[in-house]
Amino acid sequence: MNSISSDVIRGYNDTMILFLLLQNPSYGYEISKQIRELSAEKYIIKETTLYSAFTRMEKNGYVESFSAEGTGTGKRRTYYQITDHGRRYYREKCEEWNLTKEVVEHFIMKEGDKDGDD
């Protein structure tokens, strides 16, 4: 398997986006590029998924958008920045991930485990 199913990772798109916004405000294309790079191209977020996440997170008060000129391009872009509420939500999602990982690990066979096919 070379990539991650979007079904598996769907609940953590917000976490990945917010993580990147913790560093500094950014815009859609740059966020998707960073996700692709940081995941070593194992996860490529779809544009529709990314922008619906921005819309949902803005509605929930996790991010704020603003319009600014892109560096060197002169083209106006919509940038997103994380809010204090978004920082709290990000921490909650990290705690949730750690608990999820702890639970699921009990059901994942390790290399060398018997699989019952003897």
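All values below were derived from every heavy atom in this structure, side-chain atoms included, with hydrogens, water molecules and symmetry-related copies excluded.
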List in chain and number order the residues that pass side chain to side chain contact (heavy atoms under 4.5 Å, CB included) with [X], two or more places apart in sequence or in another chain; answer none if no residue qualifies.
| X | result |
| --- | --- |
| Phe107 | Val103 |
| Asp84 | Arg87, Arg88 |
| Leu38 | Phe19, Leu20 |

Quiz item: Would you say the side chain of Met57 lies within less than 4.5 Å of the side chain of Ile17, judging by non-hydrogen atoms?
Solution: yes
Quiz item: Mind checking whether Val63 and Thr83 have side chains closer than 4.5 Å, heavy atoms only?
Solution: no
Report the distance from atom [atom1] of [X] to atom [atom2] of [Y], rounding to the nearest 0.5 Å.
| X | Y | atom1 | atom2 | value |
| --- | --- | --- | --- | --- |
| Gln23 | Leu18 | CD | CG | 11.5 Å |
| Thr15 | Tyr90 | OG1 | OH | 7.5 Å |
| Leu50 | Asn13 | CG | CG | 8.5 Å |

Partners of [X] by salt bridge (Lys or Arg N to Asp or Glu O under 4.0 Å), sequence neighbours excluded?
| X | value |
| --- | --- |
| Lys110 | Glu105 |
| Glu96 | Lys93 |
| Lys46 | none |
| Glu64 | none |

Exercise. Could you pull out all residues at least two apart from Tyr80 that satisfy ring pair (Phe, Tyr, Trp, His ring centres under 6.0 Å)?
Key: Phe54
Check: residues 25-34 side-chain donor-acceptor pairs under 3.5 Å, at least two apart:
| residue | atom | partner | partner atom | Å |
| --- | --- | --- | --- | --- |
| Ser32 | OG | Tyr29 | O | 3.0 |

Self-check item: Heavy atoms from other residues, nucleotides or ligands near CD of Glu37 exceed 12 (cutoff 6.0 Å)
Solution: yes
Practice problem: Would you please test Tyr43 and Ile9 for side chain to side chain contact (heavy atoms under 4.5 Å, CB included) and show each step? | Solution: CA-CA 9 Å; Tyr43 181 56; Ile9 210 159; 3.3 Å; yes
Exercise. Can you tell me which residue pairs pass the side-chain hydrogen bond (donor to acceptor under 3.5 Å, both in side chains) test with a partner in residues 48-58, sequence neighbours excluded?
Key: Asp14-Arg56, Glu58-Ser65
Quiz prompt | Tyr12 and Trp97 aromatic ring geometry - parallel, tilted or perpendicular at 30°/60° bounds | solution = perpendicular
Self-check item: Qualifying salt bridge (Lys or Arg N to Asp or Glu O under 4.0 Å) pairs with a residue from residues 69-80, counting only residues at least two apart or across chains
Solution: none
Quiz item: For Arg36, what residues pass the side chain to side chain donor-acceptor pair (under 3.5 Å) criterion, not counting sequence neighbours?
Solution: none
Quiz prompt | Cluster overlap Ile45 with Ile82, hydrophobic side-chain contacts below 4.5 Å | solution = yes
